[in-house]
Amino acid sequence: MGHAPRRLASTASKLTTVPLSSLRRFPPKEALAASSSSSTFSPETWAALAQPPPPSALSALGHRVGFGSVLQIPELQQACTHPSVLPLFAQRHPNQQPPPANGNLSTLGNALLGLFASEFVVASFPHLPTRVVKAAVSAFVGPNTCANVAKEVGAAPLLRWHRTPSTPLKPAVLHHDALSSIPRSLVALIYRRRSLYSARKFAHQFFLSREVDLRKMLKFRDPKVALTQTVAKFGREKPISRLLKETGRFSNSPVFVVGVYAGTEQLGEGFGSSLKMAEYRAAEDALHRLYLTKTPPEMVRLPTVTFPEMDGNIFTKGEEIGYTPGELGCTEVRLGSAGRSSIIAIHHNHDE
């Protein structure tokens with residue numbers, strides 16, 4: 001036996017054997033039909049209708065998310081079936097029962113993820129403006145994050161969906177939209193099979209443990225005016241800018257360091273190639289220090305911790321856990337929308 005056949009035999013002996021029953025039937029009969037046939041074979045349609053994910057892959061998905069002993073194979077298959085495949089299934093197989101889709105599960109999971117993310121962001125950053133809170137919630141549990149989580153846990157190959165164009169009543173269904181429904185459905189299944197505590201733990205492990213840069217979400221049209229109004233709202237002295245350091249004033253690349261003060265307390269600091277730029281950045285830094293004040297993780301108390309940490313109906317079983325709410329931050333100064341109006345009057349009450 002030559003070197004090449006011997007090497008081929010050695011490589012073949014090391015390959016893992018796969019049972020034929022686990023292999024998908026390919027090519028399908030529709031693909032082998034004559035070209036003159038009236039029906040046109042579509043690989044996407046064939047994959048969506050005739051190729052459900054194997055039970056072994058669904059079981060592996062359940063164990064990867066940590067609930068393999070809780071979630072059943074039919075439930076995981078439902079979580080990976082998007083409602084966009086149902087009209088196509090009814091058209092191709094009118095006499096068969098359509099597979100259960102994850103439409104209701106995705107809606108419930110989306111509401112739960114929004115609840116967990118909202119309480120986490122508000123409790124961690126009590127002074128954050130409302131518009132930034134909404135942006136942070138979308139960054140933590142939005143469609144992009146859900147799609148990324150689905151890819152990370154290996155759920156992308158298990159998705160059953162069908163691309164549909166947009167209509168006057170419904171937007172188009174893309175692969176990104178269908179993929180984001182899987183993690184939402186998993187949250188709903190965990191909540192239904194276990195408890196709210198388990199669903200919140202899953203959300204914190206896969207979603208809320210990510211690093212999100214909130215500084216980029218805080219944009220100010222005029223940070224000096226916003227800082228002046230914010231300082232006045234807290235009853236402090238009017239902020240004053242002071243030049244701290246400078247170098248190369250008469251050169252081609254000067255650098256100025258400006259600090260903004262309220263009385264003797266420094267609120268922020270910034271640098272720039274001009275005094276206006278440094279003053280702008282100093283005011284922006286002062287606003288960032290206020291709005292991005294973070295509560296230490298050991299002091300964060302979430303409202304949902306009051307529910308008992310047990311399986312079953314949380315409204316009829318167990319005793320409520322004590323809860324001490326954190327201090328609420330003051331409402332932010334609201335400026336004109338999109339730069340088309342002047343400063344709006346400041347409200348000192350919290351009933352907005």
Side-chain angles (χ1 to χ4, degrees), residues 65-67 71 75 78-80 82-84 101-153 155 159 170-171 173-174 176-214 216-218 291-292 294-295 297 300-309 313-315 321 323 325-326 328-329 331-332 350 352:
V65 300
F67 291 90
L71 303 179
E75 295 174 334
Q78 179 182 1
C80 297
H82 193 262
S84 59
N102 62 6
N104 294 334
L105 291 177
S106 179
T107 302
L108 175 59
N110 187 42
L112 290 172
L113 286 175
L115 168 65
F116 299 146
S118 299
E119 66 174 5
F120 174 77
V121 172
V122 173
S124 300
F125 302 92
H127 300 286
L128 210 59
T130 303
R131 59 183 177 84
V132 184
V133 169
K134 295 179 180 179
V137 171
S138 299
F140 275 113
V141 297
N144 293 333
T145 307
C146 289
N148 291 334
V149 170
K151 295 177 182 178
E152 292 171 2
V153 299
L159 175 65
K170 293 183 179 181
V173 178
L174 305 178
H176 181 271
D177 304 322
L179 193 60
S180 62
S181 66
I182 296 181
R184 297 168 181 168
S185 302
L186 292 176
V187 173
L189 286 174
I190 295 171
Y191 168 72
R192 191 174 67 178
R193 296 281 296 183
R194 293 294 294 270
S195 63
L196 185 69
Y197 169 77
S198 299
R200 186 180 72 245
K201 185 177 179 181
F202 175 85
H204 278 260
Q205 180 180 359
F206 287 91
F207 291 91
L208 303 181
S209 60
R210 298 169 178 265
E211 292 291 337
V212 175
D213 189 5
L214 301 180
K216 296 181 179 179
M217 302 179 185
L218 281 169
Y291 290 132
L292 296 180
K294 187 175 182 179
T295 306
V300 174
R301 297 290 294 173
L302 303 177
T304 54
V305 300
T306 57
F307 294 108
E309 300 178 1
N313 191 343
I314 59 177
F315 300 102
I321 302 175
Y323 171 69
L328 292 177
T331 56
E332 71 274 11
H350 298 278
E352 297 182 358

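Predicted model only: the values in this text are computed from it and were never measured.
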One should read off an interatomic distance between Asn110 CG and Leu115 CG, to the nearest 0.5 angstrom, of 11.5 Å

(Q) Apply side chain to side chain contact (heavy atoms under 4.5 Å, CB included) to residues Arg194 and Phe67 and explain how you reach the verdict. (A) CA-CA 10 Å; Arg194 293 294 294 270; Phe67 291 90; 4.2 Å; yes

Those residues at least two apart in sequence (or on a different chain) that pass side chain to side chain donor-acceptor pair (under 3.5 Å) with Gln78 are none

Short question: side chain of Ser181, backbone of Ala178 - any donor-acceptor pair under 3.5 Å? yes

inquiry  = I want to check something: taking the side chain as every heavy atom from C-beta on, are Pro129 and Leu218 in contact at a cut-off of under 4.5 Å?
reply    = yes

_Between Val121 and Val132, does the side chain to side chain contact (heavy atoms under 4.5 Å, CB included) criterion hold? Intermediate values first, please._
CA-CA 10 Å; Val121 172; Val132 184; over 6 Å; no

Ignoring hydrogens and angles, tell me if any N or O in the side chain of Ser198 forms a donor-acceptor pair with the backbone of Ile190 under 3.5 Å.
no

Sorted by chain and residue number, the side chain to side chain donor-acceptor pair (under 3.5 Å) partners of Arg200 (sequence neighbours excluded) come out as Thr304

Do Ile182 and Val149 come within less than 4.5 Å of each other through their side chains, counting heavy atoms only?
no

query: Does Thr306 reach the main-chain N or O of Pro303 with its side chain, forming a donor-acceptor pair under 3.5 Å?
result: yes

Looking only at heavy atoms, the pair that brings Ser106 and Ser185 closest together is N-OG, 3.6 Å

Minimal heavy-atom distance between Met217 and Val212, with the atoms involved, is CE-CG1, 3.6 Å

Residues passing the ring pair (Phe, Tyr, Trp, His ring centres under 6.0 Å) test with Phe207, sequence neighbours excluded, are none

- Item | Within the 6.0 Å centroid threshold, strictly below: Phe116 and Phe120 | no

Between Glu119 and Leu302, the two heavy atoms sitting closest are O-CD2, 3.6 Å

key: side chain to side chain contact (heavy atoms under 4.5 Å, CB included) assessment of Val153 paired with Phe206   = CA-CA 10 Å; Val153 299; Phe206 287 91; 3.8 Å; yes

message: A side-chain contact here means heavy atoms from C-beta on lying under 4.5 Å apart; do Leu113 and Cys146 qualify?
response: yes

The side chain to side chain donor-acceptor pair (under 3.5 Å) partners of Ser124 (sequence neighbours excluded) come to none

Output for pair (Leu128 CG, Lys294 NZ), nearest 0.5 Å, gives 11.5 Å

dist Leu174:CG -> Asp177:CG (nearest 0.5 Å) comes out at 5.0 Å

Do the non-hydrogen side-chain atoms of Leu105 and Glu75 ever get within less than 4.5 Å of each other? no

Closest non-hydrogen contact found for Pro126 with Thr295 is CD-OG1, 3.7 Å

Check: Arg184 and Pro143 side chains under 4.5 Å, non-hydrogen atoms: yes

Those residues at least two apart in sequence (or on a different chain) that pass side chain to side chain donor-acceptor pair (under 3.5 Å) with Glu152 are Arg210

In short, side chain to side chain donor-acceptor pair (under 3.5 Å) pairs touching residues 136-148 with sequence neighbours left out are Asn144-His176

Distance col, row Phe202:CZ vs Leu112:CG, nearest 0.5 angstrom, shows 11.5 Å

